[in-house]
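A short worksheet on the structure shown next.
None of the values given here were measured: they were computed from a predicted structure. In the text below, chain A, chain B and the rest are named by the order of the sequence lines, each starting its count at 1.
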Amino acid sequence: MGDTPDGSANAGTGGPGVTTSHARVAGAALSVDVPGTPAHRAPNGAGGRGGDSGTGHGPGGGGALPRRRAFGADRVFQGLTMAAGTMVLVIIVAIAIFLIAKAVPALNANTANFFTFEGWFPNESSPRFGIGALAFGTLLTSILALLLAVPVALGIALYLSHYAPRRIGTALGFLIDLLAAVPSVVFGLWGRDFFYGPVRDLSVWLNKYFSWIPIFGGDGPFGKSILLGSLVLAIMVLPIITSLSREVFRQTPTANEEAALALGATKWEMIRTAVLPYGRPGVIGATMLGLGRALGETIALAMTLGIVSNISFNIIENGGNTVAANIANAFGEANDVGRGALIASGLVLFSITLIVNITARAIIYRRREFTESAA
Amino acid sequence: MAKRIEAMNVTAYYGSFKAIEDINLTVEPKTVTALIGPSGCGKSTFLRSINRMHEVLPGARVNGRLTIDDEDIYDRDVDVTAVRRMIGMVFQRPNPFPTMSIFDNVVAGLRLNGVRRKSVLEEAAERALKSANLWDEVKDRLGKPGAGLSGGQQQRLCIARTIAVEPQVVLMDEPCSALDPISTLAIEDLMFKLKDRYTIIIVTHNMQQAARVSDRTAFFSIERTGDPGRLIEYDDTQKIFSNPSVKKTEDYITGRFG
């Protein structure tokens with residue numbers, strides 16, 4: 001500040017606004033004692049400070065210390081970031097109010113028990129709908145998807161971080177990130193029109209030889225099932241779990257890996273002793289992110305599931321429905337109560353995701369003593 | 001318990017860069033041998049080639065012959081993990097496993113070798129920690145994380161972890177460079193004690209330390225940057241520090257270069 005001769009005359013305040021600040025100094029001094037509104041006082045205070053600094057003698061020079069500027073770029077930036085931060089809160093509250101306001105009338109109109117009734121008929125003259133089957137379907141598809149995806153993702157991540165030659169690792173890592181960029185509706189189409197075939201054949205085979213296991217029982221038809229939805233979901237959550245796990249595995253301190261090797265560990269033993277424990281919180285976090293995505297996934301499941309609202313552990317028969325898929329499928333022909341009912345189901349989905357996230361944090365926090373000192 | 005290490009024309013590379021060339025030396029059992037020399041002279045490389053940790057780095061390889069009691073460490077049929085179990089290593093920076101408790105750290109090597117019996121592990125952990133002069137400080141908190149100890153305690157924990165598997169030879173790569181003088185003294189005391197049972201080879205930048213703890217001293221040096229490190233002189237520590245036969249050694253230990 002105040003590099004030019006012109007500026008140093010007005011030390012510290014520079015710019016055309018200075019003169020007006022100076023002009024206001026007297027007024028500011030007078031009005032200080034008057035309790036005005038905050039909005040009123042701020043510019044006055046600024047003017048007063050600007051005036052004070054005008055008595056300085058340039059940067060680093062003698063005279064009194066320049067006063068702090070109330071409206072420096074720093075203040076403006078602080079205000080902007082705070083406004084941005086506050087906005088999040090406002091948006092969340094607004095959404096919550098909207099959801100609750102829409103959901104409550106529908107819930108009041110419901111003639112069945114919202115938590116235990118398995119069907120979804122909110123558009124009838126006496127609306128009957130329940131969240132049970134949908135929540136069950138959501139959890140079942142998501143958990144199944146994770147069971148299928150996590151082991152594969154960890155395998156890929158370990159291969160990329162510790163086994164693959166650098167060039168293959170880079171290429172494969174790029175392909176996996178590319179998988180994450182495929183829109184979910186494309187996954188839905190692919191699952192419905194192509195993947196459906198092999199999954200149906202597999203289901204028929206499973207049913208033929210393993211029908212004594214309840215999850216593979218039933219008389220068909222097979223294919224548009226929980227299994228198909230979960231498989232498609234698994235492919236969709238695979239990239240995020242893989243790339244996050246690969247990152248944490250890569251960050252394992254070389255010192256720890258060498259410590260294990262120097263104790264006579266084979267490569268796999270080294271990974272078990274040093275890499276996996278170190279990456280554990282990261283892997284849990286990655287899995288929970290994957291679970292979050294799986295729980296909220298809408299269109300791919302709306303296209304691949306059989307859309308039957310019932311609670312059944314059979315994963316190969318046509319059927320299955322989830323909260324999000326139900327919203328996508330039922331919203332078009334929903335009346336007022338119907339929309340309210342769907343919004344209520346959205347609230348439940350939100351709660352499930354929240355509980356999942358809190359649980360994940362609790363798991364990570366429990367081992368904090370060990371993982372923090374790892375940093 | 002302790003074995004002889006013999007190096008014959010050992011040359012080590014990082015890719016195309018030759019880090020050390022034609023190292024010949026013999027380390028007798030139950031002695032402490034110090035490797036000294038200026039930075040980049042290859043003493044750590046030589047140390048790491050003794051337990052085949054050198055080849056862990058991509059592109060790194062070793063030529064020549066290294067034997068432990070006349071068995072070739074680099075023989076094609078030798079299991080590398082067995083070599084490392086026989087020749088333990090303590091690193092420059094204390095590196096306890098951050099996710100493990102003190103107890104789990106000490107017995108990590110035993111668990112890798114398939115020891116599962118709780119009583120055996122507990123006995124071994126107590127013995128190793130006592131040998132490492134750490135038992136009294138940690139016996140009441142064996143379940144706490146190893147990374148929560150002070151730097152000196154962590155390094156002694158790493159020594160306990162190394163000797164818990166009962167190796168023949170213990171390699172130490174500047175084990176005190178990250179420690180304060182008191183912790184350093186504790187480790188040096190420990191080396192005197194361990195010498196009764198193990199062959200110890202230590203890399204150090206601290207010449208007083210080399211003079212205090214070692215029986216034999218090997219001086220490494222390089223002509224100029226980019227040249228491979230060579231063994232300049234190898235003799236009794238007493239002789240190296242009082243009356244070295246090579247001028248370059250004298251220059252180094254009197255602080256005239258390096």
Side-chain angles (χ1 to χ4, degrees), chain A residues 154 157-170 245 247-287 363-375, chain B residues 47-48 50-59 79-102 104-114 141 143-149 154 157-158 161-167 170-173 178:
Chain A
L154 292 187
L158 278 178
Y159 176 71
L160 291 179
S161 66
H162 283 84
Y163 286 96
R166 192 169 298 170
R167 286 170 77 184
I168 295 179
T170 316
S245 305
E247 272 326 297
V248 292
F249 290 155
R250 267 195 191 153
Q251 281 164 11
T252 313
T254 316
N256 292 331
E257 297 183 3
E258 292 198 331
L261 289 175
L263 285 171
T266 60
K267 189 147 194 177
W268 165 236
E269 288 169 335
M270 180 274 281
I271 286 171
R272 246 178 29 205
T273 316
V275 179
L276 290 180
Y278 182 85
R280 191 167 164 269
V283 170
I284 293 174
T287 308
I363 293 171
I364 296 170
Y365 187 83
R366 202 157 48 90
R367 296 273 301 179
R368 193 172 48 107
E369 190 180 20
F370 283 87
T371 47
E372 261 188 2
S373 47
Chain B
L47 193 78
R48 287 169 65 94
I50 296 176
N51 68 340
R52 294 186 64 170
M53 282 299 285
H54 177 67
E55 69 199 43
V56 167
L57 302 166
D79 177 7
V80 61
T81 62
V83 170
R84 292 184 189 144
R85 248 171 261 158
M86 202 180 277
I87 309 176
M89 187 165 204
V90 178
F91 294 84
Q92 185 169 358
R93 298 186 68 86
N95 57 356
F97 296 117
T99 54
M100 290 188 192
S101 67
I102 293 172
D104 289 339
N105 259 290
V106 178
V107 300
L110 292 168
R111 287 214 170 112
L112 284 174
N113 288 326
R141 47 173 173 153
K144 294 268 182 254
L149 298 171
Q154 283 187 29
L157 176 62
C158 293
R161 181 177 65 188
T162 304
I163 60 183
V165 291
E166 311 251 308
V170 177
L171 309 177
M172 297 186 172
D173 189 357

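- Annotation: residues 256-264 of chain A contacts chain B through N256(A), E258(A), A259(A), A260(A), L261(A), A262(A), L263(A), G264(A) [non-hydrogen atoms, separation under 4.5 Å].
- Residues of residues 161-169 of chain A lying within less than 4.5 angstrom of chain B, judged on heavy atoms, are absent.
- Considering OG1 of T81(B) and NZ of K267(A), their distance stands at 14.5 Å, rounded to 0.5 Å.
- Side-chain atoms of F97(B) and P277(A), non-hydrogen and from C-beta on, never get closer than 4.5 Å to each other.
- Interface residue P96(B): only backbone heavy atoms are found under 4.5 Å from chain A.
- Shown here are the side chain to side chain donor-acceptor pair (under 3.5 Å) partners of T170(A), two or more places apart in sequence or in another chain: there are none.
- Partners of N51(B) according to the side chain to side chain donor-acceptor pair (under 3.5 Å) rule, which considers only residues two or more places apart in sequence or in another chain, do not exist here.
- Of the listed residues (R161(B), R52(B), R111(B)), the one with the most heavy-atom contacts under 4.5 Å to chain A is R161(B).
- When all heavy atoms of A265(A) and L112(B) are compared, the closest pair comes out as CB-CD1, 3.6 Å.
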